[in-house]
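Report on the structure given below.
The sequence lines fix the lettering, A, B, ..., with proteins before strands; numbering per chain opens at 1.
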Amino acid sequence: MRYWLMKSEPDVFGIDHLAKAPKRTASWDGVRNYQVRNLLRDEIKFGDLAFFYHSSCPQPGVAGVMEVTSAAHPDLTQFDPKSEYHDPTSERSKPRWYAVDVTLKERFRNTVLLQELRDSAQLRTLQILRRGNRLSITPVSAAEWKSILKLAHAG
DNA sequence: GCCAACGTTGGC
DNA sequence: GCCAACGTTGGC
């Protein structure tokens with residue numbers, strides 16, 4: 001079982017959207033970056049756990065915990081002409097983009113702020129803290145996972 | 001295959 | 001709104 005950190009802009013899709021979704025479950029779709037596509041398709045497995053990270057917002061940080069509750073499947077928005085994620089060059093017989101389903105496990109009382117992550121000596125290796133990191137999904141080590149949970153439950 | 005121009009991300 | 005950093009595009 002592996003750990004991940006998945007970014008989303010709360011204005012577009014935040015942890016509260018997931019909390020209100022049927023069965024607190026939604027498809028993590030709209031990924032249009034090949035490196036992240038490859039993670040979704042090849043590395044992220046049913047039963048993996050992931051932090052829900054809020055980006056591009058007043059208080060960026062880790063807002064809660066999700067579980068991956070499906071295998072990778074084609075991202076349906078690529079075939080939907082009405083979707084902003086529509087990809088007219090992708091064919092149903094050979095989908096280009098993938099998604100997984102995620103289920104909300106825990107919404108933290110307080111978001112673990114980006115600044116707190118930066119301030120933590122144990123999190124120096126966290127990928128999203130690296131300069132220039134732009135991937136919307138990144139792996140998290142078991143030690144990093146524990147450290148972030150500790151910060152979340154300290155307050 | 002190179003690389004300049006352009007687009008996107010995301011914190012501040 | 002700014003800007004650093006990176007990805008993508010497309011002419012050659």
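Atom CG in A/Leu135 sits roughly 10 Å away from atom C1' in C/dG7 (whole-Å rounding). Straight-line distance from the CG atom of A/Leu117 to the P atom of B/dC12: 11 Å, rounded to whole Å. At whole-Å resolution of the value, CG in A/Asn33 and P in B/dG7 are 18 Å apart. Here the P atom of nucleotide B/dT8 and the NZ atom of A/Lys7 are 16 Å apart, to the nearest Å. Rounding to whole angstrom units, CG of residue A/Asn133 and P of C/dA4 are separated by 18 Å.
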Nucleotide N/O of nucleotides 9-11 of chain C paired with protein N/O under 3.5 Å:
none

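Sequence neighbours left out, not one pair with a member in residues 17-30 of chain A passes salt bridge (Lys or Arg N to Asp or Glu O under 4.0 Å). The salt bridge (Lys or Arg N to Asp or Glu O under 4.0 Å) analysis of residues 51-66 of chain A, with sequence neighbours excluded, yields no pairs.
Applying the side-chain hydrogen bond (donor to acceptor under 3.5 Å, both in side chains) test to A/Glu106 and every residue at least two apart in sequence or in another chain returns A/His153.
Note on A/Asp87 versus A/Arg32: no salt bridge recorded, every NZ/NE/NH1/NH2 to OD/OE distance being 4.0 Å or above.
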Do any side-chain atoms of residues 112-119 of chain A form donor-acceptor pairs under 3.5 angstrom with protein atoms, and if so which ones, sequence neighbours left out?
from     : atom 1 : to       : atom 2 : distance (Å)
A/Gln115 : NE2    : A/Asp119 : OD1    : 3.0
A/Glu116 : OE2    : A/Leu113 : N      : 3.0

Going by atom type alone, with no hydrogens or angles, which donor-acceptor pairs under 3.5 Å involve a side-chain atom of residues 63-72 of chain A and a protein atom two or more places apart or on another chain?
from    : atom 1 : to       : atom 2 : distance (Å)
A/Glu67 : OE1    : A/Lys105 : NZ     : 3.3
A/Thr69 : OG1    : A/Thr103 : OG1    : 2.8
A/Ser70 : OG     : A/Asp101 : N      : 2.8

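In the hydrophobic clustering, where aliphatic and aromatic side chains (Ile, Leu, Val, Met, Phe, Trp, Tyr) are joined below 4.5 Å either directly or transitively, A/Tyr34 groups with A/Trp97. Under a 4.5 Å side-chain heavy-atom cut-off, the cluster of Ile, Leu, Val, Met, Phe, Trp and Tyr residues that includes A/Phe46 has no other member.
For the helix from B/dG1-C/dC12 to B/dC12-C/dG1, the angle separating the two terminal helix axes comes to 20°, with each axis derived from five pairs and the value rounded to 10°.
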